[in-house]
Amino acid sequence: MVHIPINSDFSIHNLPFGIFSTPGKSPQVGIAIGAYILDLTALSHYHEFDFDNSVFQQVFLNDFISLGKQKTSQLRKDIQNWIVDKNSVLYQHEGLFVAQSDAKMHLPVRVGDYTDFYSSIEHATNVGKMFRDPENALLPNWKHIPVGYHGRASSIIPSGEPIFRPKGQVLPNGESQPIHQLTERLDFELEMAFIIGKENKLGHPISTKEAEDYIFGMVIFNDWSARDIQKWEYVPLGPFLGKNFASSISPWVVPLEALDPFRVNGPIQDPAVLSYLKYDGMKNYDLKLEVGITPENTDEMVVSRSNFKYMYWNMVQQLAHHTMNGCNVRVGDVLASGTISGKNESSYGSMLELSWAGTKPIKMHDGSERKFLHDGDTVTMRAFAERDSIRVGFGEVSTKIQSNQ
Ligand code: CA
């Protein structure tokens, strides 16, 4: 039977879905379990599921997710039972388990649309202090609206795919004329994102009560940013080329139901929110997050430890707000949290905040300093939850910054 190490992110309680390939297998659907992947595409050749098996012949999870939670949750329960049963179908056939170390991971979903929120009060306050007014860091709308913008889906890339330092227009300090050049302020943003699993019709809002039914699962999301480009371009219409050159996601989609044991209350929202944003129950999640930077030829330095539980606006509020005007969401859409910063300086979710706009450089193990990211650096984000003896993790999203000169 498959061995699951005690500290594995991919415990029997997790069973996240992803798309993998090996030198001998074209991209197919799998479930991470311990250090292995259960090949669902191969399993579907031996086992007749009570749904259309062709959902496992696809190179994205969209069709599988579209089956609906009743089917996808039942599949997870069946597999949980089969994993611990040595007589189950999983152990009657060769080749159903693939070592993760032998596999390449791909984008899990075909992303139609991507929205980025701005829902961490600590992050919004820090950025407001740096970019605007230290005394009135939050804009008047912030505690009333889960602020967000529509991002770019085409440049969402899987973990392992390198990014290139982008060029853009910047206004040098003290100058009145912009120049165009490679960004000198390349940054990460530590975020989590949820993936839509059910569609609403155009003109039909999703309430906070219904919202969880529309959320299939979550991934780690690194929303790459070029701060000098962003600073010059973002007024009045918001982020554009400072953001749309890449966003990296972790390859395993952790179903929302696997995160149930880690629900916690969110921060108290004061002033009270409008009625369509009110919700019942615990909608925040205690997910431990960390970010490491690995300069070329040096060990990784963990630069931030944060937690998803700090979010001021939760996912059901974000989705209710997104659709309150009748906007429709589609299966595979990605809605990201916005940078997740905690209360203290070691829990900030971007270099912008960690180095306080470049005024407090961070030392790496090799003695070099980082205000922002250097070519050759690899940024790795991890997320996991642990409670009693249950551990559910996301693995990691790891990306190297390649020089484009
Ligand atoms: Ca962002």
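Heavy atoms only: backbone and side chains are in, while hydrogens, waters and symmetry mates are out.
Surrounding NZ of Lys283 are more than 12 heavy atoms belonging to other residues, nucleotides or ligands, all under 6.0 Å away. Other residues, nucleotides and ligands place no more than 12 heavy atoms under 6.0 Å from the CG atom of Asp280. Other residues, nucleotides and ligands contribute only 12 or fewer heavy atoms inside 6.0 Å of the NZ atom of Lys104.
Between Phe221 and Tyr114, the two ring planes are tilted [angle within 30° to 60°]. Between Phe49 and Phe51, the ring-plane angle classifies as parallel under the 30° and 60° cut-offs. Using bins of under 30°, 30° to 60° and over 60° for the plane-to-plane angle, the ring pair Phe308/Tyr285 lands in the parallel bin.
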*For salt bridge (charged side-chain N to carboxylate O under 4.0 Å, His left out), just list the numbers for Lys143 and Asp270, CA-CA rounded to whole Å, side-chain angles, deciding distance to a tenth of an Å, and then say yes or no.*
CA-CA 7 Å; Lys143 285 188 169 180; Asp270 181 23; over 6 Å; no

*Could you give me the CA-CA distance, side-chain angles and deciding distance for Asn81 and Asp78, then say whether side-chain hydrogen bond (donor to acceptor under 3.5 Å, both in side chains) is met?*
CA-CA 5 Å; Asn81 291 330; Asp78 290 345; 5.0 Å; no

_Let's go through Arg263 and Glu212 carefully: what are the C-alpha distance in whole Å and the side-chain angles of both, what is the deciding distance for salt bridge (charged side-chain N to carboxylate O under 4.0 Å, His left out) to 0.1 Å, and is it a yes or a no?_
CA-CA 13 Å; Arg263 286 174 184 268; Glu212 281 177 1; 3.0 Å; yes

*So Glu184 and Arg227, salt bridge (charged side-chain N to carboxylate O under 4.0 Å, His left out) or not? Walk me through it.*
CA-CA 8 Å; Glu184 293 175 341; Arg227 302 298 180 192; over 6 Å; no

*asked:* What verdict does the salt bridge (charged side-chain N to carboxylate O under 4.0 Å, His left out) test give for Asp377 and Lys400, after you've listed the backbone C-alpha separation in whole Å, the side-chain angles of each residue and the deciding distance to 0.1 Å?
replied: CA-CA 6 Å; Asp377 287 351; Lys400 186 171 184 178; over 6 Å; no

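Side chains of Asp50 and Lys71 form a contact here, defined as non-hydrogen atoms less than 4.5 Å apart. Here the side chains of Phe10 and Ile4 are not in contact, with every heavy-atom distance at 4.5 Å or above. Between Pro27 and Gln58 the shortest side-chain heavy-atom distance does not fall below 4.5 Å.
Of the options Glu353, Glu189, Glu122, a side-chain hydrogen bond (donor to acceptor under 3.5 Å, both in side chains) to Ser341 is made by Glu353 and by none of the others. The side chain to side chain contact (heavy atoms under 4.5 Å, CB included) test with Leu15 singles out one residue from Leu38, Val254, Ile83, and that residue is Ile83.
For the pair Lys86 and Tyr91, the cation-pi criterion (under 6.0 Å, within 45° of the ring axis) is not fulfilled.
Under a 4.0 Å N-O distance rule, the pair Glu300/Arg382 qualifies as a salt bridge.
Checking side-chain atoms of Glu369 against main-chain N and O of Met364 turns up no donor-acceptor pair under 3.5 Å. Between the side chain of Gln80 and the main chain of Ile12, a donor-acceptor pair closer than 3.5 Å is present. Listed for the Ser159 side chain is no donor-acceptor partner under 3.5 Å among the backbone atoms of Ile249. Using modelled atom types, no side-chain atom of Arg132 and backbone atom of Val127 make a donor-acceptor pair closer than 3.5 Å. In this structure, the side chain of Thr323 does not engage the main chain of Gly326 through any donor-acceptor pair within 3.5 Å. Side chain of Asn62 to backbone of Arg110: a donor-acceptor contact under 3.5 angstrom is found. With hydrogens and angles ignored, the 3.5 Å screen pairs no side-chain donor or acceptor of Trp356 with any backbone N or O of Asn126. Using modelled atom types, one side-chain atom of Asp333 and one backbone atom of Asp113 make a donor-acceptor pair closer than 3.5 Å. Judged by distance alone, with hydrogens and angles left aside, the side-chain atoms of Arg391 form a donor-acceptor pair with the main-chain N or O of Asn7 at under 3.5 Å. Here the side chain of Ser88 pairs a donor or acceptor atom with the backbone of Trp82 at under 3.5 angstrom.
The closest side-chain donor-acceptor pair between Glu396 and Thr380, if any, does not fall under 3.5 angstrom. Between Asp228 and Thr183, the side chains place a donor N or O and an acceptor N or O closer than 3.5 Å (distance only, hydrogens not considered). Side-chain atoms of Asp286 and Asn307 form a donor-acceptor pair, as typed in the model, at a separation below 3.5 Å. With 3.5 Å as the limit, one finds a donor-acceptor pair spanning the side chains of His106 and Ser21.
Taking both residues in full, the closest heavy atoms of Asn200 and Cys327 are given as ND2-O, 3.1 Å, listed atom of the first, atom of the second, then distance.
Distance CH2/Trp224 to CZ/Arg165: 10.0 Å, rounded to 0.5 Å.
Every residue was checked against the ring-ring contact (aromatic ring centres under 6.0 Å, His included) condition with Phe384, not counting sequence neighbours, and none meets it.
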